[in-house]
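Encoded as structure tokens, the structure appears first; notes follow it.
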Amino acid sequence: MIKSRIQIVEGDITQMSVDGIVNAANSRLAGGGGVDGAIHQAAGVEQLQQACRQYDGCPTGQVRSTPAFNLPAQRVLHTVGPVWQGGQAGEAELLRSCYQSTLELAVQEQLKSLAFPAISCGVYGYPHEEAARIAITTVAEWLKTSPSPDKIIFVLFSQPMVDIYRRIFREVAEK
Ligand code: AR6
């Protein structure tokens, strides 16, 4: 049952005791503000930066993983969302690819529980409704055919964002 495998909560993703948390990173994997900054702070800036340096950055729409160091999670999956440029620059496909490739990597790494933030919904400026629809439909489609990950948690930083996700989740679940 897909519905019982998806949760939508308000919270701080750095506090989540799950197998993997997803970071909304930049293509240099250099750390930054927003959820990226919070994850680096909580994991340990030095350690996480050093672990990220094993990669030559990460293209938009793809994902790279590192240990989670001081976080309660086991792994951090760093994905790079698109910068919103008005919608005609392939943003939707790139955002879908973030969720898709992160789910693929989570399966490879045998992560049973995975927490996503609202990728691209902060400084990258993606319209929230559209981003939430992509997040939920991509994850729901995945869970239809894959038994893993067992649980996906969308961890959102504000109540209005939770409301958007819950509304779209109801629409998608009713279909
Ligand atoms: N837990 C969960 N969600 C959070 C947290 C948190 N601790 N902190 C912020 N958010 P953003 P982006 C929400 O800007 O748009 C960085 O500088 C936030 O409210 O973090 O993908 C990177 O280095 C918003 O809804 O990511 C990149 O350069 C969502 O997380 C760039 O920002 C994403 O906002 C990536 O921009």
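Counting from 1, the numbers follow the sequence of the chain as shown. We count ligands from 1, going down the list as the structure has it; atoms in each ligand are counted the same way.
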Exercise for review: Looking only at protein heavy atoms, identify the closest one to atom 18 (C) of ligand 1 and say how far it is in Å.
Suggested key: Phe157 CB, 4.4 Å
Check your understanding: Which atoms from ligand 1 have a heavy atom of Gly11 less than 4.0 Å away?
Key -> 1 (N), 2 (C)
Point to revise | Listed partners of Gln110 passing side chain to side chain contact (heavy atoms under 4.5 Å, CB included), at least two apart | key: none
Review point. Taking atom CZ of Arg28 as the centre, does the number of heavy atoms from other residues, nucleotides or ligands within less than 6.0 Å exceed 12?
Key: no
Exercise for review: Can you pull out the closest protein heavy atom to atom 17 (O) of ligand 1? Residue, atom name and distance to 0.1 Å, please.
Suggested key: Gly33 N, 2.8 Å
Review point. If only atom types and distance count, is the side chain of Ser148 paired as donor or acceptor with the main-chain N or O of Asp150 below 3.5 Å?
Key: no
**Study point:** 4.0 Å heavy-atom contact, Gly37 with ligand 1
**Key:** no
Study note, to complete from the structure: One finds that the ligand 1 atoms under 4.0 Å from a non-hydrogen atom of Gly32 are 17 (O), 23 (O)
Check your understanding: With a cut-off of 6.0 Å (strictly less than), are more than 12 heavy atoms of other residues, nucleotides or ligands near CD of Glu104?
Key -> yes
Exercise for review: For Ala38, take its heavy atoms, then give the atoms of ligand 1 lying under 4.0 Å from any of them.
Suggested key: 7 (N)
Revision key, fill the gap. If you scan protein heavy atoms around atom 1 (N) of ligand 1, the nearest is Ile13 N, 3.0 Å
Check your understanding: Can you find an N/O atom of Gly125 closer than 3.5 Å to an N/O atom of ligand 1?
Key -> no
Review point. Is the closest side-chain donor-acceptor distance between Thr66 and His78 under 3.5 Å?
Key: yes
Review point. CG of Asn23 to CZ of Arg64: how many Å apart, nearest 0.5 Å?
Key: 13.5 Å
Check your understanding: Using heavy atoms and a threshold below 4.0 Å, how should the contact between Ala24 and ligand 1 be classified: side chain, backbone, both, or neither?
Key -> both
Exercise for review: Without swapping roles, check the side chain of Thr138 against the backbone of Arg96 for a donor-acceptor pair under 3.5 Å.
Suggested key: no
Point to revise | atom 33 (C) of ligand 1 - nearest protein heavy atom and its distance | key: Ala118 O, 3.2 Å
Practice item. Answer yes when Glu141 and Lys144 have at least one side-chain N-carboxylate O distance shorter than 4.0 Å, and no when they do not. Key: yes
Check your understanding: Do Phe116 and Val155 touch side chain to side chain, with heavy atoms closer than 4.5 Å?
Key -> no
Check your understanding: Taking atom types as modelled, is there a side-chain donor on Glu10 or Ser158 under 3.5 Å from an acceptor on the other?
Key -> no
**Study point:** Selection from Pro160, Cys121, Ala42 by shortest heavy-atom distance to atom 25 (O) of ligand 1
**Key:** Cys121
Review point. Heavy atom of Ala30 under 4.0 Å from ligand 1?
Key: no
Review point. Does any N or O atom in Gly122 lie less than 3.5 angstrom from one in ligand 1, N or O only?
Key: yes
Exercise for review: Ignoring angles and geometry beyond distance, decide whether Tyr124 reaches within less than 3.5 Å of ligand 1 through its nitrogen or oxygen atoms.
Suggested key: yes
Point to revise | Proximity winner for atom 20 (O) of ligand 1, if only heavy atoms of Val123, Val35, Ile119 are counted | key: Val35
Study note, to complete from the structure: In this structure, CE of Met16 is separated from CG of Leu114 (nearest 0.5 Å) by 10.5 Å
In residues 39-46, what donor-acceptor pairs under 3.5 Å come from side-chain atoms, sequence neighbours left out?
from, atom 1, to, atom 2, distance (Å)
His40, ND1, Asp36, O, 3.1
His40, ND1, Asp36, OD1, 3.1

Check your understanding: Among the heavy atoms of Ser120, does any lie under 4.0 Å from an atom of ligand 1?
Key -> yes
**Study point:** Contact atoms of ligand 1, heavy-atom distance to Gly31 under 4.0 Å
**Key:** 23 (O)
Review point. Tell me, which protein residue and heavy-atom name are nearest atom 7 (N) of ligand 1, and how many Å apart are they?
Key: Asp12 OD1, 2.9 Å
Check your understanding: Among protein heavy atoms, which sits nearest to atom 22 (C) of ligand 1, and what does the distance come to when rounded to 0.1 Å?
Key -> Asp36 OD2, 3.4 Å
